[in-house]
Number of protein chains: 2
Amino acid sequence: MTLVKKTPTIQDVARFANVSTATVSRALSSPERVSEQTRARISEAVRVTGYTPNQSARSLRQRTARTILVALPDIGNSFFSVILDAVEREAASRGYGVLVANRFPRMDSGLRMRDYFLSNRVDGLLLLDGSVDLEQLMMLTGDPTPVPLIVACEEIPNAPFHTVKTDNGYAAERATRHLIDLGHRRIGHIRGPDGNVLTAEREQGYARAMQAAGLPICPEWVLAGGFEMEAGRAAAGRFISIADRPTAIFAANDESAVGFISGLRQHGLDCPDDVSVVGFDDLVLAAHIWPPLTTMRQPRAALGRIAAGALIDLIEGERRSRVPMHMVLSSEMIVRGTTARPPAPTAPASLSPALVVR
Amino acid sequence: MTLVKKTPTIQDVARFANVSTATVSRALSSPERVSEQTRARISEAVRVTGYTPNQSARSLRQRTARTILVALPDIGNSFFSVILDAVEREAASRGYGVLVANRFPRMDSGLRMRDYFLSNRVDGLLLLDGSVDLEQLMMLTGDPTPVPLIVACEEIPNAPFHTVKTDNGYAAERATRHLIDLGHRRIGHIRGPDGNVLTAEREQGYARAMQAAGLPICPEWVLAGGFEMEAGRAAAGRFISIADRPTAIFAANDESAVGFISGLRQHGLDCPDDVSVVGFDDLVLAAHIWPPLTTMRQPRAALGRIAAGALIDLIEGERRSRVPMHMVLSSEMIVRGTTARPPAPTAPASLSPALVVR
DNA sequence: GAAACCTCTGCAATCGATTGCATTAGTTTC
DNA sequence: GAAACTAATGCAATCGATTGCAGAGGTTTC
């Protein structure tokens, strides 16, 4: 009843199987080095005692934590949490645990980033946030790089890190072209947050597509925004007061697109009848608002899986490539209900019977 | 250049400060036991060497990981990720790391739940998922409980665990009453997933409110659903074919409410003009769709913070209360745009000027 | 049939911190 | 001024696994 069973150690297994602890250890980590009979006795002993290796002891000896640290700007954001999901699964399948550090840039209280490494709690860092202090980061990686590191989603310009990301510029071009193909001529853009790499890449893609089609961009069509819904809604407020306003908008991501559409409605405009909208990301949400959102799908699960896999390869690899590796995944255009041909240019809507029928 | 600096150990600090490692250890963990001068020399030495305690060594010796494991059904779901955010912050502020185990119930490949404990990787478990195999869980906790465990959000019926949750039943009652107060008489409900405790609690709250108001519940008004958007949309398909259909719906959560509203639109019905809808949770999304969703706000951040705090208290506490502790947080009614007075009962809408104005 | 070579196993050091016990020096008590 | 404390520190064992080295026994090679 009050008998407290201690968790079994390798000693217990060794005693039970009548071998030394060294043999038990070898039987578990490199079975081919142990004779078949002994191996059988040991696995029986493991079964009976219910032995599980103590990770702390192993970490101490091998200087390895079998854990990766994922640093992200906002777990609460579903864009990241789906990636985290994929990361967690890939890591688990390779025997690694996942520690999360949220709100990375501001993370200076409590356990600090460096400490995670120095204290041997983690073996590698997966950075899902490009807006990080480069200097601070370089301190971690030093030369020769002691810290396996992969930057995913975003990219830190001119920094020698391995990256996994999607083809943001091209995808933005593709999204804009979709609007052009539908017949839109005045096309606007809601920007991401200032100073973010993705913001720049997507805006440039938009500009390239417009230029390629020989269409002008009026500066006031490019609205300040951000990656949150609220930013999109605020942009809608400014949008409606544009004199000769666009008939279509390419938003920097799905959240701002959703907020924008909601803001349009609030001001009495409809989507897609009055304004077509394309988003970016393809959040689960995108398919389930009304009308369903046309967007560029980022392969988030693949991204998480690949990034985690690459990080673990890096951790386990003997030699670390000095040349940073860049992986680019491609996005996919998902056409749904928020894009349509532009409204008839001049005549008032009264011509259309659809409005009456409701 | 090729000089590989080893990470400093307590030995290095001891040598530098000219004391034994024992003294360094004490200076760091119980400073009052070391003379002021020595303490000063040691902190100087720590500063110079850049020492950080090796967590593996500490864990091994103290049988403590300073890490908690958070098991959740779906990180990708923003409901959970906001909670995880709060948990992570609370844990970090108390010097704990957070390991995540996603899709808990199915987690049998890779690292298994038990192993996390037996291998001494984590000190406690925060369970955000009630639909877990009780037997399997009891194996973990045994008697006397070796594993500090807190169940948050959901509750495992008849299981002797500490819980932190919100007042689901009461909140559901409150949400339904809001609809009744607006004048609705035929009020339906979209249920959560079968077999979930929350599903039952919310449905019962709905039923209580109806009963208290002397209103009947027609069985076909209670629609099968789930906690995903898709479930809400599917429910809308069945909803429209109800003969004498409700003028209002209380959905089991925000996601199903959003999917439902989207489905209504798809079938030519409007919210709130034709059907009022109340959700549950108050996701960020709720305020940003159009019309903004009326819902019951669950204090998710507080819930995560409190649960994590309680778990760490449990881990660090000398004695573990044998009596399970139940904490209940209260929800808040947030009235937005998806609820309105019911449409005029008989006359066709042509009477109402509002419809023409748009 | 001696030398060389495997295969399998055990011994014991090691990873880096914590902590029970012992020791030294200084202080208080009667 | 001896006994009894107290404060500050060091010694060395300990946590549990891994691994370099070496030895025992057997097999192959020439």
Side-chain angles (χ1 to χ4, degrees), chain A residues 4-43 45-46 49-67 95 115-121 123 316, chain B residues 5-43 45-46 49-67 95 115-121 123:
Chain A
V4 179
K5 239 187 319 188
K6 282 189 55 182
T7 57
T9 73
I10 199 170
Q11 320 277 352
D12 301 321
V13 177
R15 205 173 308 123
F16 191 95
N18 223 8
V19 292
S20 72
T21 61
T23 302
V24 175
S25 175
R26 281 188 286 255
L28 296 176
S29 55
S30 37
E32 76 284 357
R33 296 190 49 196
V34 169
S35 79
E36 186 146 2
Q37 297 174 25
T38 316
R39 212 186 310 150
R41 275 216 318 287
I42 290 175
S43 35
V46 167
T49 54
Y51 168 71
T52 307
N54 181 315
Q55 185 61 40
S56 307
R58 177 182 277 177
S59 292
L60 176 58
R61 180 62 222 242
Q62 305 195 83
R63 311 164 151 288
T64 265
R66 289 191 87 71
T67 301
D115 289 353
Y116 270 109
F117 287 98
L118 293 182
S119 68
N120 216 252
R121 289 181 84 134
D123 304 319
E316 295 183 344
Chain B
K5 241 186 319 186
K6 283 188 55 181
T7 57
T9 72
I10 200 171
Q11 319 279 351
D12 301 321
V13 177
R15 203 173 310 123
F16 191 97
N18 223 7
V19 293
S20 72
T21 62
T23 303
V24 175
S25 176
R26 281 189 284 254
L28 296 176
S29 56
S30 38
E32 76 284 358
R33 296 190 48 195
V34 169
S35 78
E36 184 146 3
Q37 298 173 25
T38 316
R39 212 186 308 150
R41 277 215 318 287
I42 289 175
S43 36
V46 167
T49 54
Y51 167 72
T52 308
N54 181 314
Q55 185 61 41
S56 308
R58 177 181 280 176
S59 292
L60 176 58
R61 178 63 222 244
Q62 303 193 123
R63 312 165 154 288
T64 263
R66 290 192 84 72
T67 301
D115 289 353
Y116 270 109
F117 286 99
L118 293 182
S119 69
N120 216 251
R121 289 181 83 135
D123 303 320

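Chain letters run A, B, ... following the sequence lines, proteins first and then strands; every chain starts at 1.
Regarding contacts with the backbone of dG16(C), a side-chain N or O of Arg63(A) is found under 4.0 angstrom from either OP1 or OP2. Between Thr23(A) and dT9(C) there is no side-chain N or O to OP1 or OP2 distance below 4.0 Å. In this model, the phosphate group of dA17(D) is approached by a side-chain N or O of Tyr51(A) to a distance below 4.0 Å at OP1 or OP2. In this model, the phosphate group of dT14(D) is not approached by any side-chain N or O of Gln62(B) to a distance below 4.0 Å at OP1 or OP2.
Note: CZ (Arg33(A)) to P (dT18(D)) measures 12 Å, nearest angstrom. When rounded to the nearest whole Å, the span between CD of Gln37(A) and P of dC8(C) equals 10 Å. Straight-line distance from the CG atom of Asn120(B) to the P atom of dA17(D): 10 Å, rounded to whole Å. If you measure from atom CD1 of Ile10(A) to atom C1' of dT14(C), you get 15 Å, rounded to the nearest angstrom. Remark: P of dG16(D) and CZ of Arg15(A) are 11 Å apart, rounded to the nearest angstrom. For the pair Asp12(B) CG and dG16(C) C1', the computed distance is 11 Å after rounding to whole Å. The distance between atom CD of Gln11(B) and atom P of dT14(C), rounded to the nearest whole Å, is 12 Å. Ile42(A) has its CD1 atom 10 Å from the C1' atom of dT9(C), to the nearest Å.
Picking from dA17(D), dT9(C), dC15(D) the nucleotide with the shortest atom distance to the side chain of Arg61(A) gives dA17(D). Of the candidate nucleotides dG16(D), dA12(D), dA13(D), dA12(D) has the atom lying nearest to any side-chain atom of Ala22(B).
Ser20(A) pairs by the side-chain hydrogen bond (donor to acceptor under 3.5 Å, both in side chains) definition with Thr23(A), not counting sequence neighbours. Here Arg63(A) pairs with nothing under the side-chain hydrogen bond (donor to acceptor under 3.5 Å, both in side chains) rule; sequence neighbours left out.
Where Leu60(B) and Val34(B) each meet DNA chain D at their nearest nucleotide, the meeting point lying more 5' is that of Val34(B). Between Ala57(B) and Arg41(A), the residue anchored nearer the 5' end of DNA chain C, judged by the nucleotide with its closest heavy atom, is Arg41(A).
Remark: the Arg58(B) side chain and the dT18(C) base include no donor-acceptor N/O pair separated by less than 3.5 Å. Donor-acceptor pairing under 3.5 Å, judged by distance alone, is present between the side chain of Arg26(A) and the base of dG10(C).
Using a 4.0 Å heavy-atom criterion, one finds that Thr9(A) contacts the sugar-phosphate atoms exclusively. Using a 4.0 Å heavy-atom distance criterion, Val19(A) is classed as a sugar-phosphate-only contact. Backbone-only contact: Ser35(A) has heavy atoms under 4.0 Å from sugar-phosphate atoms and none from a base. Across all strands shown, Thr38(B) has heavy atoms under 4.0 Å from sugar-phosphate atoms exclusively, and none from any base.
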Steps toward side chain to side chain contact (heavy atoms under 4.5 Å, CB included) verdict (Thr67(B), Gln55(B)): CA-CA 11 Å; Thr67(B) 301; Gln55(B) 185 61 41; over 6 Å; no

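Between the Arg41(B) side chain and the Ala17(B) main chain, a donor and an acceptor come within less than 3.5 Å of each other. Side-chain atoms of Ser43(A) come within 3.5 Å of backbone N or O of Arg39(A) as a donor-acceptor pair.
The 12-atom threshold is not exceeded at CD of Glu36(B), counting heavy atoms of other residues, nucleotides or ligands nearer than 6.0 Å.
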